[in-house]
Chemist: 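First the structure, which I've put down as structure tokens, then a few questions once you've had a look.
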Amino acid sequence: MPTLIIDGKKVVAAEGSTILEAARTAGVDIPTLCHHDGLEPWGGCRLCIVDLWQPGWDEDWFKLVTSCNHPAEDGMRIFTKSQRVVETRGVVLDLLLARCPDAPLIQDLAAEYGIEETTYAPREEPDDCILCALCTRVCDHLDIAAISTVNRGAGKEVAPPFHEAPPDCIGCLACAEVCPTGCIPYETSNVRRSIWGKDFEMLRDPATGQAVITKAQAEFFAGRGGVPGEYFETSDTSKRREMAKKFVSLQILEQGQS
Amino acid sequence: MKMIYKVSVERCIACGKCELACAFAHGTEGKPAVSRINITRRGPELGTPVICYQCDTAACAAICPTQALVRNLETGAIDMDRARCISCRMCVAACPFGNMLWDETYHCVQKCDLCGGDPQCVPFCPTGAIAWVPADMAAIPPEVLDRETLAVG
């Protein structure tokens, strides 16, 4: 198992882990925006950068790397709060603040690095999307890929194909739930759900009228296997009622026998 | 020794103390609506506490697309790794016993984790309807309750 030194602390990292994972097990805090434990590392937000020194390098030579996708190796020395790291994170946050001046998450993070107002020209029509691509990556992870990033440079944005209601979307809301700034609008009730301009019919329990997933979502997950589709048909409340009934009838049976 | 929940349905008086204890143990608001143990009430002072069975082959863990639900070998519970959860709510729909709960207040899935091996609902049950016992003692009938003591205590 690789042993590395993070901010002067000796850390034994698990085999195959990244610098970020090693730092977190050691209790060293590294800020992230595009990282999610359930998804592949991406290295998009550049906020998790750290200064790295490896055996064989000159003593005064350091390299800035993204800790979320850089494998931890034996003998590495990591500095998460060096002046260069703090300055670079400041620039990243300054740029993000110019992009999303109204997002509380970015405002708070920037304030931590001493940036109250952006030094760049703010976007004319800002929204809260920081282009971390968590939404598109979570959609890809589910093998749905209904949304993706489109265009390049300043025009880059997250959108369904041709800005139309995405045919592949199953309305699972995972994209909206993982969004760190909560900028994907959706509406949901026990009857209907709508996201990305597409309307979904909910899978309602005939007894209680409760619904947690859409019909399209149930079909998709039933097709993936693992769990029989009929499990999805009733709500948790009526399933619990069923079980309670079964318990009571078992108890009556037991008392009848004794 | 493996410990398991033992539920004696005939003892439950539907007082809701277990639900409150659970809500306080896992949240800050103490709302019984976000409790992980649920009493199905079938009349005044008659209820059945229903709680996660920590299934051997669990549907919630099988359906989870990010492997956020994994068995904790120490406690035997299927624990939820919240950092891995993407809130797709498939586990809520897939659990055949209705013990995965979508919590609108905290906006996350609620799942019994056996409080890390020491369930907080058990000591609050006034009648011993829920007990935390070694697995081989689960079939032994519970001691007869002394109604007088119970009423005073």
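The sequence lines fix the lettering, A, B, ..., with proteins before strands; numbering per chain opens at 1.
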Chemist: Can you check salt bridge (Lys or Arg N to Asp or Glu O under 4.0 Å) on B/Asp79 and B/Lys111, steps first, answer last?
Modeler: CA-CA 8 Å; B/Asp79 273 355; B/Lys111 153 95 186 64; over 6 Å; no
Chemist: If you count heavy-atom pairs under 4.5 Å with chain B, which of A/Thr237, A/Val212, A/Val178 comes out on top?
Modeler: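 Heavy-atom pair counts peak at A/Val212.
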Chemist: Ring pair (Phe, Tyr, Trp, His ring centres under 6.0 Å) with A/Phe247: which residues, sequence neighbours excluded?
Modeler: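 With neighbours one apart ignored, the set is empty.
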Chemist: Considering all heavy atoms of both residues, which atom of B/Ala58 and which atom of B/Ile78 are nearest to each other, and what is their separation?
Modeler: CB-CD1, 3.2 Å
Chemist: Can you name the ring pair (Phe, Tyr, Trp, His ring centres under 6.0 Å) partners of A/Trp196, sequence neighbours left out?
Modeler: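 Expected list: none.
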Chemist: For residues 182-193 of chain A, give me every residue with a non-hydrogen atom less than 4.5 Å from any non-hydrogen atom of chain B.
Modeler: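 Hits under 4.5 Å: A/Tyr186, A/Arg193.
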Chemist: For chain A, which residues from residues 80-94 of chain B have at least one heavy atom closer than 4.5 Å to it?
Modeler: B/Ala83, B/Arg84, B/Cys85, B/Ile86, B/Ser87, B/Cys88, B/Arg89, B/Met90, B/Val92, B/Ala93, B/Ala94
Chemist: Between atom CG of A/Leu93 and atom CG of A/Leu33, what is the distance when rounded to the nearest 0.5 Å?
Modeler: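 One finds 7.0 Å between CG of A/Leu93 and CG of A/Leu33.
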Chemist: Taking the ring of B/Trp102 and the ring of B/His107, is the distance between their centroids below 6.0 Å?
Modeler: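 Ring-ring flag for B/His107/B/Trp102: true, centres closer than 6.0 Å.
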Chemist: Evaluate the side-chain proximity of B/Gln54 to B/Ile4: yes if any heavy-atom separation is below 4.5 Å, no if none is.
Modeler: no
Chemist: Under a 4.5 Å heavy-atom cutoff, which of B/Cys108, B/Ala68, B/Pro65, B/Pro49 has the most pairs with chain A?
Modeler: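 Ranked by contacts with chain A, first place is B/Pro65.
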Chemist: Select, from B/Leu101, B/Val7, B/Thr57, the one with the greatest count of heavy-atom pairs under 4.5 Å involving chain A.
Modeler: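 That would be B/Leu101.
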Chemist: Does A/Phe232 have its ring centroid less than 6.0 Å away from the ring centroid of A/Phe221?
Modeler: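 When the ring centroids of A/Phe232 and A/Phe221 are compared, they turn out to be at least 6.0 Å apart.
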Chemist: Going by atom types alone, do A/Asp205 and A/Ser235 pair a side-chain donor with an acceptor below 3.5 Å?
Modeler: yes
Chemist: Under a 4.5 Å heavy-atom cutoff, which of A/Val248, A/Val138, A/Leu39 has the most pairs with chain B?
Modeler: A/Val248
Chemist: Identify which part of B/Arg41 has an atom lying under 4.5 Å from any heavy atom of chain A, answering side chain, backbone, both or neither.
Modeler: neither
Chemist: Please tell me whether A/His35 and A/Asp37 have a donor and an acceptor in their side chains that are separated by less than 3.5 angstrom.
Modeler: yes
Chemist: Counting only heavy atoms not in A/Lys81, do more than 12 sit closer than 6.0 Å to its NZ atom?
Modeler: yes
Chemist: For the candidates A/Arg224, A/Gln217, A/Glu242, which exhibits the highest count of non-hydrogen atom pairs separated by less than 4.5 Å from chain B?
Modeler: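 So the answer, after comparing A/Arg224, A/Gln217, A/Glu242, is A/Gln217.
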Chemist: Taking the side chain as everything from C-beta on, heavy atoms only, tell me whether B/Cys12 gets closer than 4.5 Å to B/Ile39.
Modeler: yes
